[in-house]
Amino acid sequence: MGRDTVAEIITSIRNADMDKKRVVRITSTNINENIVKILLREGFIENARKHRENNKNFLVLTLRHRRNRKVPYRNILNLKRISRPGLRIYSNSQQIPRILGGMGIVIISTSRGIMTDREARLEGIGGEFLCYIW
């Protein structure tokens with residue numbers, strides 16, 4: 001049985017955010033690298049770098065946290081896995097949802113690579129919904 005690497009990266013980031021950790025280490029795959037590039041470009045994480053240990057590649061992510069500690073802690077990053085190995089969710093470009101009226105993003109796996117909902121709408125292509133981020 002194969003591993004669901006997208007669910008693993010989402011769970012790792014969500015757990016680190018809830019535990020107020022600043023650094024997350026995840027395995028490096030092509031899908032994970034593309035998702036991290038989107039998170040970095042959209043401003044959901046601060047930094048990402050590659051790390052090699054025992055002939056295995058890892059991605060080390062630096063999460064973004066609030067500096068003000070007087071107010072109660074709230075999660076900044078909300079991630080939700082949509083399509084999964086047991087139930088794939090596909091859509092065309094007209095039916096891609098807008099998360100929080102465009103404040104969040106949908107990461108989509110298309111025939112032209114992994115991209116955000118905005119990029120897919122501009123190019124007029126649909127694909128498989130990987131996750132929602134807001």
Side-chain angles (χ1 to χ4, degrees):
M1 185 170 182
R3 294 174 25 189
D4 188 8
T5 58
V6 176
E8 288 178 7
I9 184 176
I10 289 172
T11 304
S12 297
I13 293 173
R14 186 185 311 122
N15 289 343
D17 189 47
M18 285 192 302
D19 201 27
K20 302 176 191 170
K21 294 202 184 285
R22 187 123 171 105
V23 177
V24 181
R25 192 176 94 163
I26 57 173
T27 58
S28 178
T29 62
N30 288 336
I31 293 173
N32 287 353
E33 288 179 17
N34 290 331
I35 290 173
V36 166
K37 284 178 189 175
I38 290 173
L39 290 175
L40 193 60
R41 187 175 63 225
E42 295 290 327
F44 288 106
I45 59 175
E46 275 186 28
N47 192 10
R49 64 181 172 87
K50 275 191 172 183
H51 178 68
R52 186 172 177 87
E53 184 177 307
N54 296 335
N55 293 331
K56 293 183 181 178
N57 291 327
F58 294 99
L59 292 171
V60 180
L61 310 177
T62 306
L63 299 180
R64 189 174 295 254
H65 286 292
R66 291 204 173 124
R67 306 285 191 256
N68 188 359
R69 298 186 189 261
K70 294 178 183 175
V71 287
Y73 182 76
R74 255 185 62 223
N75 289 351
I76 295 175
L77 198 57
N78 292 310
L79 300 109
K80 183 178 180 186
R81 176 79 158 121
I82 302 303
S83 184
R84 51 191 172 88
L87 179 63
R88 304 283 185 188
I89 308 292
Y90 297 95
S91 175
N92 59 18
S93 63
Q94 289 85 23
Q95 295 175 339
I96 297 174
R98 294 190 193 282
I99 306 302
L100 292 178
M103 297 287 289
I105 63 171
V106 181
I107 296 181
I108 303 172
S109 176
T110 67
S111 59
R112 296 185 192 156
I114 295 176
M115 58 181 66
T116 65
D117 56 341
R118 287 180 224 114
E119 295 167 348
R121 276 192 212 96
L122 284 175
E123 293 191 23
I125 56 176
E128 178 185 356
F129 297 154
L130 295 179
C131 60
Y132 295 161
I133 303 169
W134 70 94

Should side-chain heavy atoms under 4.5 Å link Ile, Leu, Val, Met, Phe, Trp and Tyr, which residues sit in the same cluster as Val23? Val60
Kindly indicate whether the side chain of Asp117, heavy atoms from C-beta on, has any atom under 4.5 Å from the side chain of Arg121. yes
Side-chain heavy atoms of Thr5 within contact of Ile26, under 4.5 Å: no
If you take all heavy atoms of Ala120 and Ser93, which pair is closest and at what distance? O-CB, 4.3 Å
Steps toward side-chain contact (heavy atoms from CB on, under 4.5 Å) verdict (Thr116, Ile108): CA-CA 6 Å; Thr116 65; Ile108 303 172; over 6 Å; no
Quick one: hydrophobic cluster around Met115, which other residues, with the 4.5 Å side-chain cut-off, linked directly or via members? Ile125
Do any N or O atoms from the side chain of Arg81 and from the backbone of Leu130 form a donor-acceptor pair under 3.5 angstrom? yes
Please say yes or no: joined through hydrophobic side-chain contacts below 4.5 Å, possibly via intermediate residues, are Leu100 and Ile96 part of one cluster? yes
Can you hop from Ile114 to Phe129 via hydrophobic side chains spaced under 4.5 Å? no
For a 4.5 angstrom cut-off between non-hydrogen side-chain atoms, does Leu77 reach Ile133? yes
With a sphere of 6.0 Å drawn around CD1 of Ile31, does it hold more than 12 non-hydrogen atoms of other residues, nucleotides or ligands? no
Asn47: side-chain contact (heavy atoms from CB on, under 4.5 Å) partners, not counting sequence neighbours: Thr62
Working note: Thr27 + Asn32, criterion side-chain contact (heavy atoms from CB on, under 4.5 Å); need CA distance, chi angles, decisive distance, verdict. CA-CA 8 Å; Thr27 58; Asn32 287 353; 3.9 Å; yes
Would you mind listing every side chain to side chain donor-acceptor pair (under 3.5 Å) that reaches into residues 33-42, with sequence neighbours excluded? Ser28-Glu33, Glu33-Lys50, Arg41-Glu119, Glu42-Arg118
Would a hydrophobic clustering, with Ile, Leu, Val, Met, Phe, Trp and Tyr connected at side-chain separations under 4.5 Å, put Phe58 with Val24? no
Using 0.5 Å steps for rounding, measure from the SG atom of Cys131 to the CD1 atom of Ile82. 8.0 Å
Inter- and intrachain pairs under side chain to side chain donor-acceptor pair (under 3.5 Å), touching residues 122-134, at least two apart: Ser83-Glu128, Arg88-Glu128, Arg112-Glu123
Which residues pass the side chain to side chain donor-acceptor pair (under 3.5 Å) test with Arg98, sequence neighbours left out? none
Might you work through the side-chain contact (heavy atoms from CB on, under 4.5 Å) test for Arg14 and Asp19, ending with a clear yes or no? CA-CA 9 Å; Arg14 186 185 311 122; Asp19 201 27; over 6 Å; no
Residues forming a side chain to side chain donor-acceptor pair (under 3.5 Å) with Asn15, sequence neighbours excluded: none
The criterion is side chain to side chain donor-acceptor pair (under 3.5 Å); which residues satisfy it with Gln95, sequence neighbours excluded? none
Are Ile99 and Ile105 packed together at the side-chain level, in the sense that at least one heavy-atom pair is separated by less than 4.5 angstrom? no
Within the distance-only criterion (no hydrogens, no angle test), does the side chain of Arg64 pair as donor or acceptor with the backbone N or O of Gly43 below 3.5 angstrom? yes
When clusters are formed by joining ILVMFWY residues with side-chain heavy atoms under 4.5 Å apart, either directly or through shared neighbours, do Leu122 and Met103 land in the same one? no
Please test Ile13 against Leu61 for side-chain contact (heavy atoms from CB on, under 4.5 Å), starting from the C-alpha separation and ending with a verdict. CA-CA 9 Å; Ile13 293 173; Leu61 310 177; 3.8 Å; yes
Say you draw a straight line from CD1 of Ile45 to CD1 of Ile38; how long is it, rounded to the nearest 0.5 Å? 11.0 Å
Nearest non-hydrogen partners of Leu63 and Asp17, listed with the distance: CD1-N, 3.9 Å
